[in-house]
Structures are given as structure tokens and as C-alpha cells.
Amino acid sequence: RRGIGNKGDTWKNINRGMKLLQGNNMDLLRTLEANSIDSIVTCLKLRYDVTKSGEVINIRRNKEVKFSKDKKGYLKARLYCPEVSNSLDKRISFRLHRLVAMFYLKDFSKNLQVNHKDGIKTNNELDNLEMMTCSQNVYHGWNVLDSTSRKNNLKRDESGKFVKGW
């Protein structure tokens, strides 16, 4: 037998207090590591449906979750996830683009950034999102997207350091 479970197994979530377990049709159990991507996604799937178009539906209420803009212009919301939350109200803050990527992008990692291909922070459709390193994301912002206004406003001082030019 190769590891726990087989490729075709159907896993079901089992909530046991503060532990989130999964059981499959072979009666095997696996404990999801606290705050791992798998445990967070599993917890959220119990309560929310995240679509590829960037909508989040509360399953119990059958209502779309409302997101607000944070100070950087990204859409964010606090979602109920008691199995992995450490806060008193059992909610975790999520930016919508990271939530969509977490659910659908196979190469999602906490160590990578989610890039908006078109540069529009509120366009959170799956086709517009990709994972990349910090340096790749900076390169994309400066060399792929039209950032001439930012480039024109940067000037160097006598020591060669960038200073604001406006």
C-alpha cells in the first residue's frame, strides 16, 4: 500500500473540537496540520463556496460575502473558520485574490505572491491570477505593466539613491 489512501478515495471532513480530521471511504483518518493550506481550505469549504470568478458564497445563508478594500486597494474579508483561527471571534482575514488562488492554483504557497496579470487589484478571476516570487512580481509591475508614471516620478540623489520626484 502506497501511503495513506488512494488516488480515487473520497475524503470527508470530520470536526473534532479543535482538530480537523479527514476520513475516506476506506475508513482511514488523517489529521490536517494546524494552519496548513489544506486545513484552512478544508475549514473554509465547510462554510463557503469560492468561485473561479472571484465570488465567495456563504453556503448556510446562500449569500455572497461582501468584501471591502484594504488600504492597498485589495478586496478583503474576515471569514469564520474556528478550526484554525486563534482569534476570539474565530475569524481569519483573507484577501480575495489569495483566497481564489488558495482554492484553485495547484502551485499556491504561503511563500509566493499572487500576481494580478492585468495589474487590476480588484480583478480576482482565476484566469487573471498567477503565483510568483517577490522579485518576479516587482519585475512584472515595472516591465510588463505600464508603470511609466511611476518611473518618471523617481529621481536619484547625488549618492545614487532613489528619491521621490514630485
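Residue numbers run from 1 in the order of the sequence given.
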* **Single-linkage hydrophobic cluster, 4.5 Å side-chain cutoff, I57 and I40 together** => no

* Give, for atom CG of N137 and atom CD of E130, the distance between the pair rounded to the nearest 0.5 Å. => 8.5 Å

* Asked: What is the minimum heavy-atom distance between H116 and H140, and which atoms define it?
  -> O-CE1, 3.6 Å

* **Cluster overlap V114 with L112, hydrophobic side-chain contacts below 4.5 Å** => yes

* For residues L79 and L99, determine if any side-chain heavy atom of one lies less than 4.5 Å from a side-chain heavy atom of the other. => yes

* Hydrophobic cluster identity match, Y104 and V41, side-chain contacts under 4.5 Å -> yes

* Heavy-atom check, side chain of Q136 versus side chain of N115, under 4.5 Å -> no

* Checking side chain to side chain contact (heavy atoms under 4.5 Å, CB included) for the pair R47/I59: CA distance, chi angles, key distance, verdict? -> CA-CA 5 Å; R47 295 167 182 87; I59 296 170; 5.8 Å; no

* Say you draw a straight line from CZ of R78 to OG of S68; how long is it, rounded to the nearest 0.5 Å? -> 11.0 Å

* **Nearest heavy-atom neighbours spanning F108 and I37** => CE2-CD1, 3.4 Å

* Should we count NZ of K76 as having more than 12 external heavy atoms under 6.0 Å? -> no

* **ILVMFWY network linking M102 to Y74, side-chain heavy atoms under 4.5 angstrom** => no

* Residue pair I92 / S85: nearest heavy atoms and the distance that separates them -> CG1-CB, 3.8 Å

* More than 12 heavy atoms of other residues, nucleotides or ligands under 6.0 Å from CG of D107: is that the case? -> yes

* **Non-hydrogen atoms of N58 and Y48 that approach each other most closely** => CA-CD2, 3.9 Å

* Closest non-hydrogen atom pair between S87 and R91, with its separation -> OG-O, 3.1 Å

* **Nearest-0.5 Å distance that lies between atom CD in Q113 and atom CE in M131** => 8.5 Å

* Asked: Is it the case that more than 12 heavy atoms not belonging to K69 sit under 6.0 Å from its NZ atom?
  -> no

* Sidechain-backbone polar pair: K121 side chain, K72 backbone, donor-acceptor under 3.5 Å -> yes

* Contacts of type side chain to side chain contact (heavy atoms under 4.5 Å, CB included), residue D127, not counting sequence neighbours -> none

* Can you name the nearest heavy-atom pair linking F94 to L44, along with the distance? -> CZ-CD1, 3.7 Å

* Starting at OG1 of T122, measure out to CG of N128 and round the result to the nearest 0.5 Å. => 9.5 Å

* Asked: Hey, are N123 and H97 close enough side-chain-wise for a donor-acceptor pair under 3.5 Å?
  -> no

* To do: Answer with yes or no whether the hydrophobic clustering places L126 together with M132; edges join I, L, V, M, F, W, Y residues whose side-chain heavy atoms lie under 4.5 Å apart.
  => no

* To do: Calculate, to the nearest 0.5 Å, the distance between atoms CD and CG belonging to E64 and D49 respectively.
  => 11.0 Å

